[in-house]
Trainee: 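Quick one: this structure, given as structure tokens, is what I'll be asking you about.
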Amino acid sequence: QPLDDLRRVMDGVAVQPQDRERLALAAGVPNYAQQPEPNQDDGEYARLVKEWTTKPEFISPLVDHLPVRTGIPRPKDVLGYHIGAPKKLTNVADQQRYFRELEKATPRVKTMVAGTSEEGRDIMIVFVSSETNIRNLDANRQNMKRLADPRSLSDVEARQLVASTKPHYHVSAGLHSIEYSPPETVMELAYRLAVSDEAYIRQIRDNVIVSISPATDVDGRDRAVDGRRRLVLRQRRQRGVQQRAQGRVRPPAHLRPPRH
């Protein structure tokens, strides 16, 4: 059945929400303590992402929905738009504002500033995992350091550390300034990892510590976003001029010729 679901996706046939768990299994995610899926999804998100991606084969059924959790902000709640909205890009300050709001709302998220850029912007790292893993983040880091150089460890000590230490998976987004999509995507990724009750997400959250560099080149990111915004505004003005020239849009009153 899971392989049939994958073939249906490849053929452009939508997979129903109740089939998502089987699809996760087919994608290589082990069965993990089956529990009910989220009680509520964001209906507007589901409708818009279907419209924006145009065909089922252009999006995975694992992310064609967005869980809603009372008290935990979705990206739209802070930014005013869903991730992936056409012609919407997020600058570094707003991106970091979202992560800090997410951190305030759930103990599954922790942020830190690793340093500052040449232009004085914070370079943020975001950690997402279970409440227990976030609480033990420093101890886990020390264990990783000990395992990185095991010469002082006995075999027994090394095995004990491996058994008690969570693997650490790092996601680096926006290494180059014009890589527009990854710094957007990781905001939704962090939200999903923090709130989703789907079995494969819970397995990741309980067994892995995920860290994210939301924008590696923070200075370049802001310049690129500002440049795209200026381009969109310029294109919008040009369309308005063309439409007025074709008589499709009436110019403002102060620009209309006087009546005789």
Side-chain angles (χ1 to χ4, degrees), residues 14-15 17 20 36-56 58-111 121-122 124-129 134 171-174 178-198 200-202 204-205 210-216 218 221-222 224-233 235-236:
V15 173
R20 291 172 189 154
E37 292 204 9
N39 293 325
Q40 183 181 3
D41 284 344
D42 186 331
E44 180 191 56
Y45 175 94
R47 175 179 60 81
L48 288 175
V49 77
K50 182 178 180 180
E51 174 186 323
W52 295 335
T53 52
T54 69
K55 293 182 179 180
F58 294 148
I59 189 168
S60 166
L62 299 179
V63 293
D64 64 357
H65 59 289
L66 191 70
V68 177
R69 285 292 173 271
T70 301
I72 301 181
R74 301 160 300 170
K76 183 183 178 182
D77 296 326
V78 175
L79 305 175
Y81 50 87
H82 289 295
I83 299 302
K87 299 184 179 180
K88 291 289 187 182
L89 291 175
T90 310
N91 61 27
V92 170
D94 286 340
Q95 181 194 59
Q96 294 183 357
R97 179 165 59 91
Y98 173 69
F99 283 117
R100 290 190 172 104
E101 291 298 320
L102 190 60
E103 179 184 26
K104 291 177 186 176
T106 173
R108 295 173 178 174
V109 176
K110 179 181 177 63
T111 68
R121 294 176 178 84
D122 286 346
M124 177 179 279
I125 306 293
V126 182
F127 299 89
V128 189
S129 194
I134 292 295
V171 178
S172 183
I178 58 172
E179 293 168 354
Y180 294 107
S181 297
E184 303 292 324
T185 304
V186 292
M187 288 185 280
E188 185 177 301
L189 172 63
Y191 174 79
R192 289 180 183 277
L193 290 175
V195 308
S196 177
D197 284 335
E198 292 173 276
Y200 76 101
I201 295 291
R202 287 187 290 105
I204 294 170
R205 193 165 58 227
V210 177
S211 62
I212 301 171
S213 296
T216 308
V218 289
R221 168 69 180 179
D222 271 358
V225 169
D226 289 344
R228 290 296 300 180
R229 288 176 175 174
R230 286 194 297 269
L231 176 62
V232 169
L233 287 174
Q235 291 173 338
R236 194 172 296 164

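Residues: numbered from 1 along the sequence shown. Just the heavy atoms: all of them, side chains too, but no hydrogens, waters or symmetry mates, feed the values below.
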Trainee: Rounded to the nearest 0.5 Å, how far does CZ of Arg74 lie from CG of Leu102?
Mentor: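 Atom-to-atom, Leu102:CG and Arg74:CZ are 12.5 Å apart.
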
Trainee: Can Thr111 and Phe127 be said to form a side chain to side chain contact (heavy atoms under 4.5 Å, CB included), step by step?
Mentor: CA-CA 6 Å; Thr111 68; Phe127 299 89; over 6 Å; no

Trainee: Salt-bridge test for Arg47 and Asp42: reply yes if a basic N is under 4.0 Å from a carboxylate O, no otherwise.
Mentor: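 A salt bridge is absent here (no side-chain N lies under 4.0 Å from a carboxylate O).
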
Trainee: State, to 0.1 Å, how close Ser211 and Ile125 come at their nearest heavy-atom pair, and which atoms those are.
Mentor: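 Closest approach of Ser211 to Ile125, heavy atoms only: CB-CG2, 4.2 Å.
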
Trainee: How far does CD of Gln95 sit from CG of Leu79, to the nearest 0.5 angstrom?
Mentor: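 Nearest 0.5 Å value for the CD-CG distance: 9.0 Å.
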
Trainee: Side chain to side chain donor-acceptor pair (under 3.5 Å) for Tyr98 and Thr90? Distances and angles first, verdict last.
Mentor: CA-CA 10 Å; Tyr98 173 69; Thr90 310; over 6 Å; no

Trainee: State the CD-CG distance between Gln40 and Leu66, to the nearest 0.5 angstrom.
Mentor: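 Spacing of CD (Gln40) from CG (Leu66) equals 11.0 Å.
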
Trainee: To the nearest 0.5 Å, tell me how far Tyr191 OH sits from Ile72 CD1.
Mentor: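 Separation between the atoms: 7.0 Å.
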
Trainee: Can Glu184 and Arg221 be counted as an ion pair, charged N to O under 4.0 angstrom?
Mentor: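 Salt bridge present between Glu184 and Arg221.
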
Trainee: Between Glu188 and Arg192, does any NZ, NE, NH1 or NH2 come within less than 4.0 Å of an OD or OE carboxylate oxygen?
Mentor: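 Salt bridge flag = yes for Glu188 with Arg192.
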
Trainee: Should the pair Asp197-Arg202 be classified as a salt bridge under the 4.0 Å nitrogen-to-oxygen rule?
Mentor: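 Salt bridge between Asp197 and Arg202, a charged N being under 4.0 Å from a carboxylate O: no.
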
Trainee: To check you understand the geometry: which heavy-atom pair defines the closest contact between Val109 and Ala194, and what is its length?
Mentor: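 Smallest interatomic distance, heavy atoms only, reads CG2-CB, 3.9 Å.
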
Trainee: Might you point out which heavy atoms bring Val210 and Val171 nearest each other, and give the distance in Å?
Mentor: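 Looking at all heavy atoms of both residues, the shortest contact is CG1-CG2, 4.4 Å.
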
Trainee: Could you check Val195 against Thr106 for side chain to side chain contact (heavy atoms under 4.5 Å, CB included), going step by step and ending with a plain yes or no?
Mentor: CA-CA 9 Å; Val195 308; Thr106 173; 5.9 Å; no

Trainee: Just how far is it from atom OH of Tyr45 to atom CD1 of Ile83, taken to the nearest 0.5 Å?
Mentor: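 One finds 8.5 Å between OH of Tyr45 and CD1 of Ile83.
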
Trainee: Looking at every heavy atom in both Ala190 and Phe99, which two are closest together, and how far apart are they?
Mentor: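 Minimum heavy-atom contact is CB-CE2, 3.6 Å.
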
Trainee: Looking at every heavy atom in both Val92 and Ala215, which two are closest together, and how far apart are they?
Mentor: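 Heavy-atom minimum between the residues: CG2-CB, 4.4 Å.
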
Trainee: Check the pair Lys50 / Asp64 against salt bridge (Lys or Arg N to Asp or Glu O under 4.0 Å), numbers first and verdict last.
Mentor: CA-CA 7 Å; Lys50 182 178 180 180; Asp64 64 357; over 6 Å; no

Trainee: How long is the span from the OG1 atom in Thr53 to the CG atom in Leu48, to the nearest 0.5 Å?
Mentor: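 Separation between the atoms: 10.5 Å.
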
Trainee: Taking the side chain as C-beta and beyond, is there a heavy-atom pair between Gln96 and Arg121 under 4.5 Å?
Mentor: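 Counting from C-beta outward, Gln96 and Arg121 never come under 4.5 Å.
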
Trainee: Strictly below 4.0 Å, N to O, side chains only: are Arg100 and Glu103 in salt-bridge contact?
Mentor: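 Salt bridge: no.
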
Trainee: Heavy atoms, side chains only, cut-off 4.5 Å: are Ile134 and Pro107 in contact?
Mentor: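 Ile134 vs Pro107: side chains apart.
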
Trainee: Hey, is the main chain of Leu89 close enough, under 3.5 Å, to the side chain of Arg229 for a donor-acceptor pair?
Mentor: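 Yes: the side chain of Arg229 pairs with the backbone of Leu89.
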
Trainee: Which atom names give the shortest non-hydrogen contact between Ala173 and Pro183, and what distance separates them?
Mentor: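 Here Ala173 and Pro183 meet closest at CB-N, 3.9 Å.
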
Trainee: Return yes if a side-chain donor-acceptor contact under 3.5 Å exists between Ser172 and Ser213, otherwise no.
Mentor: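 Note: Ser172 and Ser213 side chains miss the donor-acceptor criterion.
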
Trainee: Using a 3.5 Å distance criterion without hydrogens, assess whether the side chain of Arg205 forms a donor-acceptor pair with backbone atoms of Leu193.
Mentor: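 Yes, because the side chain of Arg205 sits within donor-acceptor range (under 3.5 Å) of the backbone of Leu193.
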
Trainee: When you compare the side chain of Thr185 with that of Pro182, does any pair of heavy atoms fall below 4.5 Å?
Mentor: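 A side-chain contact is absent here, since even the closest heavy-atom pair is not under 4.5 Å.
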
